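This structure is a prediction, so every number in the text was calculated from the model and none was measured. Side chains included, hydrogens not; waters and symmetry mates left out as well; all remaining heavy atoms used. Below, read A as the first sequence line, B as the second, and so on, with proteins coming before strands; counting in each chain starts at 1.
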There are 2 protein chains.
Amino acid sequence: MGTRRATISDVAREAGVSPSTASVVFSGKAPVSDATRERVLAAAESLGYTGPDPRAASLRTGRAGIVAVLFRERLGAAFRDPVNAATMDGLSDALAPIGAGILLLREDDTGTVEAAPSLTSVPIDAAVLLGCNEIIRSSVETARGRGIPVVVIEGDAGEDVPKVMLDNRDAQRTVAEHVRSLGHTDVSFVTLRTDDGGRRGFIGDDTEILIDVTRDRLRGARDVFPDAPAYAAADSSIDEGLAAGRVLLSGPRPTAILAQSDMLAAGVIRAAEEAGLRVPEDLSVTGFDGVVVDGLAPYVLTTMVQDATAKGHAAGEAVVAMLVDRAPASVTLTCTFRRGNTTAAR
Amino acid sequence: MGTRRATISDVAREAGVSPSTASVVFSGKAPVSDATRERVLAAAESLGYTGPDPRAASLRTGRAGIVAVLFRERLGAAFRDPVNAATMDGLSDALAPIGAGILLLREDDTGTVEAAPSLTSVPIDAAVLLGCNEIIRSSVETARGRGIPVVVIEGDAGEDVPKVMLDNRDAQRTVAEHVRSLGHTDVSFVTLRTDDGGRRGFIGDDTEILIDVTRDRLRGARDVFPDAPAYAAADSSIDEGLAAGRVLLSGPRPTAILAQSDMLAAGVIRAAEEAGLRVPEDLSVTGFDGVVVDGLAPYVLTTMVQDATAKGHAAGEAVVAMLVDRAPASVTLTCTFRRGNTTAAR
DNA sequence: TTGTATGCGTTATCAC
DNA sequence: GTGATAACGCATACAA
């Protein structure tokens, strides 16, 4: 038992071939006669050798077969959000051709830089930054310092970092214009989180918003309703939307509420029902994302539909491009307006 | 530009020290005088060296700082399930002390073994198998063949593979007994998926169930109601529960429906509302998991509460134990009964 | 088609 | 506290 694990050299020796020949048998990078292949495989079998050690191979080839995705939040929280989940699906698909695994990295909330595995301590070929903000931005420098390709989703990390963007501001403006065209003037907003802490409450100045998506969508809404109050939720969930809705419906009542996500909008609708208001007759509600909100039927949200899977896919393709030395493309995806049954004329 | 990236030897030379000393400066594994540390750090800075290459380090140390989690499903689907998400949270926390990242691996549905990164082609220190079934079980052999420690969550992979189990059968029996004690005799079940395909429909024999959790919970329910019909959902979601509920409420109507997850139970409740039934007066509904179902209020499900975070945490601790050569513990977590307001006497 | 030689970048060990 | 040396296991250029 204390015997050391067989290496490819051991296999080669056992098979009576050179290490390079044995290597080729496993990598398939050069033709090998059937006879030798057989012998090598048999030798491997008899020695309990199950293939090249990925650690050694990655040192040699410079490829680890791993792409890191960097999150701000706790991993669980990150995935409960259907938009993130879809993004991961798309990323995973786009990465399949190069056979790269996805490594989840969580930017240390605690500041215990030592213990946290980070872009620098783990073998990766590329990194995808999701939900970029001021803090995460420094990771870009770290990664690029090591020559690791980086792609940013919905964030800006400088000129030469490929990004996958969404037309958040324009899209939110589109919804807002729809609402205005219905005659609404008393409008309130429910926004996504404004910082990593996830504090709830009314937002004064949008400079206090540290998260790009939140800020951009709010600006789009303010393009149409400059003075409408905005209430920040702690995260994108129905329950947060419910809480926000309760607050917004308790004072002087708006006739429309624009939420920055469908989950939040669903919560706002519940708050309205709770207050005895009918949607859309008494209150119009809009969302953002176009995700399927489990259990929201019969409501169909008026919302901007984004293709989160495509977002992940585009990021994955950019990664693949960089890894094969092609120029990666920055893309901006656009949302499409979907009129549901949650908005009506005033 | 074409110049090669600096190595630790370059830094050492620049600083006028030996490579081993430079190494120690970065690893902190041995005392170094302040003066030399300064010089090394300065040299690194000037050469743009940002620390040891993880690939080379992992070859040398035998540690990659990565723990793989193997899923059956698409990544996105895997995480939308709140139980999985919580499990990942727990795992991530338990792994934090050793600073390991989490690598998502999806067992290839396609059979394209070549392209898919798998336990054998990627540098990992340990693997966690989630939602074990017959297919995934072979992965255990693969991993163990390479000397990679493996932990299984809710599955059995043989005597010497540590597992984190849940008392699924006992727990489901507990709920069933509660329902029976309320006087119910006409009962139906809604189960989790029975195989990777996720087909809907009534289940005949439980030998056709390939997923351990589903089979165990069903057995617990059958311990109390041996002849109750069981309808399999395609996955654990409110919408699937709604579909199943519609089917079960369209024929001879049961007075109670036992669902194998809270999400499914929530859907069943919607189906009941849709059919004009009051819960729990006309129909008792139970769930499983004890997760927060976003937007289900004012209902509080009668359910078995499992600590999914603890499950992930236990798996993580087992991994850590194995990595430091301690004997890992197999644990069985137990669920606790929670009486909500969705069950009532017949 | 097969073999030989070399180095990928690091760190553990030991001696000083 | 510091330095010399030897692996770690493999893949590739090149020669045969």
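A salt bridge is defined here as a Lys NZ or Arg NE, NH1 or NH2 lying under 4.0 Å from an Asp or Glu carboxylate O, and Asp53(B) with Arg5(B) fails to meet this definition.
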> Val83(A) and Lys311(A): side-chain contact (heavy atoms from CB on, under 4.5 Å), yes or no, with the steps?
Replying inline: CA-CA 10 Å; Val83(A) 175; Lys311(A) 222 164 55 181; 3.9 Å; yes
>> Go through it in stages, so that I can follow the logic: the residues are Arg144(A) and Val150(A), the test is side-chain contact (heavy atoms from CB on, under 4.5 Å), and I'd like the CA-CA distance, side-chain angles, deciding distance and then a yes or no.
In response: CA-CA 7 Å; Arg144(A) 291 165 59 87; Val150(A) 177; 4.1 Å; yes
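Phosphate proximity of dG3(D) to Thr21(B): present, with a side-chain N or O under 4.0 Å from OP1 or OP2. For dC10(D), neither phosphate oxygen OP1 nor OP2 lies less than 4.0 angstrom from any side-chain nitrogen or oxygen of Ser23(A). Here Thr7(B) does not reach the OP1 or OP2 of dG9(C): none of its side-chain N or O atoms lies under 4.0 Å away.
Residue contacts shown for Val17(A) are limited to sugar-phosphate atoms, with no base heavy atom under 4.0 Å away. Nucleic acid contact for Thr36(B): sugar-phosphate only, since backbone atoms but no base atoms lie under 4.0 Å from a heavy atom of the residue. Across all strands shown, Val32(A) has heavy atoms under 4.0 Å from sugar-phosphate atoms exclusively, and none from any base.
Going from atom CZ of Phe26(B) over to atom P of dT2(D) covers 15 Å, rounded to whole Å. A straight line from CZ of Arg60(B) to P of dC8(C) spans 17 Å, rounded to a whole angstrom. In this structure, Arg63(A) places its CZ atom 20 Å from P of dC10(D), rounding to the nearest Å. dT4(C) atom C1' lies 15 Å from atom CD1 of Ile8(A), rounded to whole Å. Here dA11(D) presents its C1' atom at 17 Å from CZ of Arg55(A), a figure rounded to the nearest Å. Between Arg5(B) atom CZ and dT10(C) atom P the separation is 10 Å, expressed in whole Å. Across the protein-nucleic acid pair, Asp53(A) atom CG and dA7(D) atom P stand 18 Å apart, rounded to whole Å. One interatomic measurement links the two molecules: CZ of Arg13(A) to C1' of dT2(C), which rounds to 17 Å at whole-angstrom precision.
Each of Ser20(A) and Pro31(A) lies near DNA chain C, and the nucleotide nearest Pro31(A) is the one positioned closer to the 5' end. Positionally, the nearest nucleotide of DNA chain D for Ser33(B) lies more toward the 5' end than for the other of Ser33(B) and Leu59(B).
Each of dA4(D), dA11(D), dT10(C) was ranked by its minimum atom distance to the side chain of Tyr49(B); first place goes to dT10(C).
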